[in-house]
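First comes the structure, then the notes that go with it.
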Number of protein chains: 2
Amino acid sequence: MKLNTKSRYAVMALADMAVFSRNNAVSLRDISLRQGISLLYLEQIFLRLKKNNIVKSVRGINGGYILVKSPKELKISDILLALDQKVKTIGCKKDSKKSCNGKSTKCITHNFWDELDIHINSFFENKKLSDLLKNRETRI
Amino acid sequence: MKLNTKSRYAVMALADMAVFSRNNAVSLRDISLRQGISLLYLEQIFLRLKKNNIVKSVRGINGGYILVKSPKELKISDILLALDQKVKTIGCKKDSKKSCNGKSTKCITHNFWDELDIHINSFFENKKLSDLLKNRETRI
DNA sequence: AAAAACTTGACTATTTTAGTCGGGTATATA
DNA sequence: TATATACCCGACTAAAATAGTCAAGTTTTT
């Protein structure tokens with residue numbers, strides 16, 4: 001059970017922006033250098049962040065990306081959602097009539113996984129990007 | 001971010017045992033039929049559960065498996081641990097001197113992922129197998 | 001004009017997952 | 001004591017997901 005690197009890098013990159021943006025756009029090149037993340041990979045990630053209105057872009061020289069919301073308002077859940085990283089612990093199909101393992105009734109563990117989902121997602125809902133920056137021991 | 005089927009099936013199978021065991025061993029064949037899980041896959045899962053002392057086995061005719069602890073005492077975290085399913089959300093290496101992305105300092109998001117780990121693991125620590133059986137709408 | 005930086009879809013090697021397969025061994029019961 | 005049932009266990013594999021890279025742009029500032 002683990003978060004994928006795309007999600008981790010997204011949170012990392014946005015935290016980097018929160019720290020280094022001084023009302024100016026932050027280029028992916030700079031984030032790449034500071035955080036040690038492949039530039040090409042960052043491009044792919046920011047494409048999705050932009051589509052989901054987490055960041056907006058400024059093209060051309062001195063361009064880069066800008067956070068749409070302030071770090072205080074940006075929920076971690078918003079970031080994960082942008083990368084399709086819903087916490088989906090259960091394998092039981094929710095959409096179809098048949099619910100779990102092809103049976104017509106909910107499986108014995110169904111409610112448990114639902115609870116887990118709620119537990120984890122509420123964690124991400126309640127965390128803001130700014131929370132990551134508090135008590136930072138090291139400067140990136 | 002999802003739990004793998006091995007873990008889900010393990011919890012499911014053990015919950016099944018908790019319901020259907022009447023002080024007798026429960027065969028994998030029965031669990032397989034009731035829960036719709038491949039018998040061969042169950043064998044693989046129970047091998048690990050046995051190695052980790054979650055269940056004990058009874059061989060031969062009328063054999064099967066028995067829960068070592070009562071459902072009230074069996075923590076879900078014990079089950080997941082038996083299947084190597086520690087919640088390991090971070091990719092940052094914990095063991096080496098260099099911690100995150102090959103850098104010598106912790107990455108900006110490091111503490112956040114640690115918090116997440118604690119949040120999720122405490123959920124599994126505090127849940128007992130018997131908790132899954134409460135308020136069950138359907139009989140398997 | 002040229003350089004910096006974003007845009008986008010397609011592609012790919014590697015790893016993980018979700019199982020299956022085959023050949024065992026132990027034991028209760030007829 | 002034969003045999004069916006059920007556990008035991010390592011090895012294997014097809015398919016999916018992951019973690020990127022690549023190519024070929026477009027836009028804007030200087």
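Just the heavy atoms: all of them, side chains too, but no hydrogens, waters or symmetry mates, feed the values below.
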Length of the CG-P vector between A:L40 and C:dT12, whole Å: 16 Å

Rounded distance (nearest 0.5 Å) linking atom NZ of A:K72 with atom CG of A:L129: 12.0 Å

Any N/O donor-acceptor pair, A:Q44 side-chain to D:dT21 base, under 3.5 Å: yes

Test item: A:D78 side-chain N/O and A:L74 main-chain N/O as donor-acceptor pair under 3.5 Å: no

Step-by-step ring-ring contact (aromatic ring centres under 6.0 Å, His included) determination, A:F46 to A:Y9: CA-CA 10 Å; A:F46 273 74; A:Y9 286 174; over 10 Å; no

Side-chain N,O (A:T5) to OP1/OP2 (D:dA19) below 4.0 Å: yes

Value rounded to 0.5 Å, distance of NZ in B:K69 from NZ in B:K128: 9.5 Å

Separation of D:dC8 P from B:N52 CG (nearest whole Å): 14 Å

Contact under 4.0 Å: A:Y41 side-chain N or O vs D:dT18 OP1/OP2: no

Could you list all N or O pairs between the protein and nucleotides 3-6 of chain C that sit under 3.5 Å apart?
residue, atom, partner, partner atom, Å
C:dA5, O4', A:G60, O, 3.3
C:dC6, OP1, A:L28, N, 3.4
C:dC6, OP1, A:G64, N, 3.4
C:dC6, O3', A:S57, OG, 3.4
C:dC6, O2, A:R59, NH2, 3.3

Parallel, tilted or perpendicular: rings of B:F123 and A:F112 (30°, 60°): parallel

Polar side-chain atom of A:S32 near backbone of A:S38 as donor-acceptor pair, under 3.5 Å: no

